[in-house]
Amino acid sequence: MRACVIGATGVVGSALTAQLLGHPAVSGVAAVTRRPLDVTHPKLNNTVIDFDAMETVAQVFDGDALFLCLGTTRKLAGSIPAQRRVDLDYPLQAATLARNNSVDHCLLVSSPGAKADSLSPYLKMKGELEDRLQSLNFPRLSLFAPSLILGQRPDTRHAEQLGARLLPTLCRLPGLQRYRPISGDIIATAMINRALHPPASPVERITLDHIFAAAREMT
């Protein structure tokens, strides 16, 4: 499998890139980033680009599977419109270029509750992205909806840090299991499993329990 990763510097994307590079079934990894990765590998092709000029390197968005792991927060982006550009516009453009290059499988890190008509700006942009990816008619589209993602981040997110400490205990209570946090490594493993063993249906939404299950199948 030849993989293309967007968002390879994030929590999920960095774990995904490392796992792909170490997997014997993966022949090459194209990581498209805004800053150089601090890793070198014979399988890795790291293309550093201006995401606002993505079309100038359209040929990079190629391979058997496109992994969309790009995302930010409103605080880091500075505004909702700026966050939409990172969480919606850039992934959609990457997917469009990949589909034009005949990439067959698109795998997206989305969110539970993603809906285009949501009152939450974040869930709205994620829902819009899911809908627009479906309109690109990938032969296979896998939408992952994890809960709070645990992992090392260069930025400090106090709410996530608090959640990471409290949720493992709270989620032992009845009815809260579906909100338990998950590591970027586990999500990455599940995504690779789906890429190597694609579903029969053209579109699948993979919720938290199924992400854990898909990751266990790889171990």
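Residues take their numbers from the sequence shown, with the count starting at 1.
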Exercise. Under the criterion side-chain hydrogen bond (donor to acceptor under 3.5 Å, both in side chains), which of Asn46, Thr47, Thr17, Thr9 is the partner of Thr33?
Worked result: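 Single side-chain hydrogen bond (donor to acceptor under 3.5 Å, both in side chains) partner of Thr33 among Asn46, Thr47, Thr17, Thr9: Asn46.
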
Write down the atom of [X], the atom of [Y], and the distance for their closest heavy-atom approach.
X      : Y      : result
Ser147 : Pro181 : OG-CA, 3.5 Å
Ala65  : Ala195 : CB-CB, 4.4 Å
Ile49  : Met54  : CD1-CG, 4.0 Å
Leu70  : Gly7   : CD1-CA, 3.9 Å
Met191 : Leu16  : CB-CD1, 4.4 Å
Ile149 : Val11  : CG2-CG1, 3.9 Å

Applying a strict under-4.5 Å side-chain criterion to I, L, V, M, F, W and Y, I'd like to know whether [X] and [Y] cluster together.
X      : Y      : value
Val39  : Leu20  : yes
Ile211 : Leu196 : yes
Leu21  : Ile187 : yes
Leu68  : Leu37  : no
Ile186 : Leu143 : no

Problem set entry | Flag, side chain of Lys43 to backbone of His23, donor-acceptor distance under 3.5 Å |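 Pair found, side chain donor or acceptor close to backbone of His23.
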
For this session: Using atom types as modelled and distance alone, determine if a side-chain donor or acceptor of Asp185 lies under 3.5 Å from a backbone N or O of Ala15.
Result: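 No, Asp185 side chain to Ala15 backbone: no donor-acceptor pair under 3.5 Å.
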
For this session: Sequence neighbours left out, what passes ring pair (Phe, Tyr, Trp, His ring centres under 6.0 Å) with Phe51? Give chain and number order.
Result: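 Counting only residues at least two positions away or on another chain, Phe51 forms a ring pair (Phe, Tyr, Trp, His ring centres under 6.0 Å) with Tyr90.
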
Exercise. Any side-chain heavy atom of Val203 sitting closer than 4.5 Å to one from Gln134?
Worked result: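 Yes, their side chains come closer than 4.5 Å.
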
Salt bridge check: are [X] and [Y] linked by an N-O gap of less than 4.0 Å?
X      : Y      : result
Arg132 : Glu128 : no
Arg194 : Glu204 : yes
Asp87  : Lys126 : yes

For this session: Using side chain to side chain donor-acceptor pair (under 3.5 Å) as the criterion, list what pairs up with Gln83, not counting sequence neighbours.
Result: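 Not a single residue meets the side chain to side chain donor-acceptor pair (under 3.5 Å) criterion with Gln83.
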
Exercise. With sequence neighbours left out, what residues match His210 under side chain to side chain donor-acceptor pair (under 3.5 Å)?
Worked result: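 In terms of side chain to side chain donor-acceptor pair (under 3.5 Å), with neighbours along the sequence ignored, His210 is linked to Thr207.
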
Problem set entry | Listed once per pair and sorted, the ring-ring contact (aromatic ring centres under 6.0 Å, His included) pairs that draw on residues 30-50, sequence neighbours left out |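 Pairs touching residues 30-50 that pass the test: none.
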
How long is the gap from [atom1] on [X] to [atom2] on [Y], to the nearest 0.5 Å?
X      : Y      : atom1 : atom2 : result
Arg2   : Asp62  : CZ    : CG    : 5.0 Å
Met125 : Leu92  : CE    : CG    : 13.5 Å
Gln19  : Asn193 : CD    : CG    : 11.0 Å
Thr72  : Arg85  : OG1   : CZ    : 10.5 Å

Problem set entry | Under the salt bridge (Lys or Arg N to Asp or Glu O under 4.0 Å) test, residues paired with Arg99 that sit two or more places apart |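 In terms of salt bridge (Lys or Arg N to Asp or Glu O under 4.0 Å), with neighbours along the sequence ignored, Arg99 is linked to no residue.
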
Name every donor-acceptor pair, under 3.5 Å, that has one atom in a side chain of residues 101-116 and the other anywhere in the protein, sequence neighbours excluded.
residue: Asn101; atom: ND2; partner: Ala58; partner atom: O; Å: 2.8
residue: Asn101; atom: ND2; partner: Phe61; partner atom: O; Å: 2.8
residue: Asn101; atom: ND2; partner: Leu97; partner atom: O; Å: 3.4
residue: His105; atom: NE2; partner: Ser142; partner atom: OG; Å: 2.9
residue: Ser110; atom: OG; partner: Glu130; partner atom: OE2; Å: 2.6

Exercise. Does Arg205 CZ have over 12 foreign heavy atoms under 6.0 Å away?
Worked result: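 Correct, the count exceeds 12.
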
Exercise. Could you walk me through whether Val86 and Arg34 pass the side chain to side chain contact (heavy atoms under 4.5 Å, CB included) check?
Worked result: CA-CA 12 Å; Val86 175; Arg34 288 172 287 189; 4.1 Å; yes

Exercise. Can you name the one residue among Leu44, Leu66, Val29 that meets side-chain contact (heavy atoms from CB on, under 4.5 Å) with Val5?
Worked result: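 Among Leu44, Leu66, Val29, the one meeting side-chain contact (heavy atoms from CB on, under 4.5 Å) with Val5 is Val29.
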
For this session: Going by the side-chain contact (heavy atoms from CB on, under 4.5 Å) test, name the single residue among Ile6, Leu129, Thr96 that passes it with Pro91.
Result: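 It is Leu129, the one option of Ile6, Leu129, Thr96 that forms the side-chain contact (heavy atoms from CB on, under 4.5 Å) with Pro91.
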
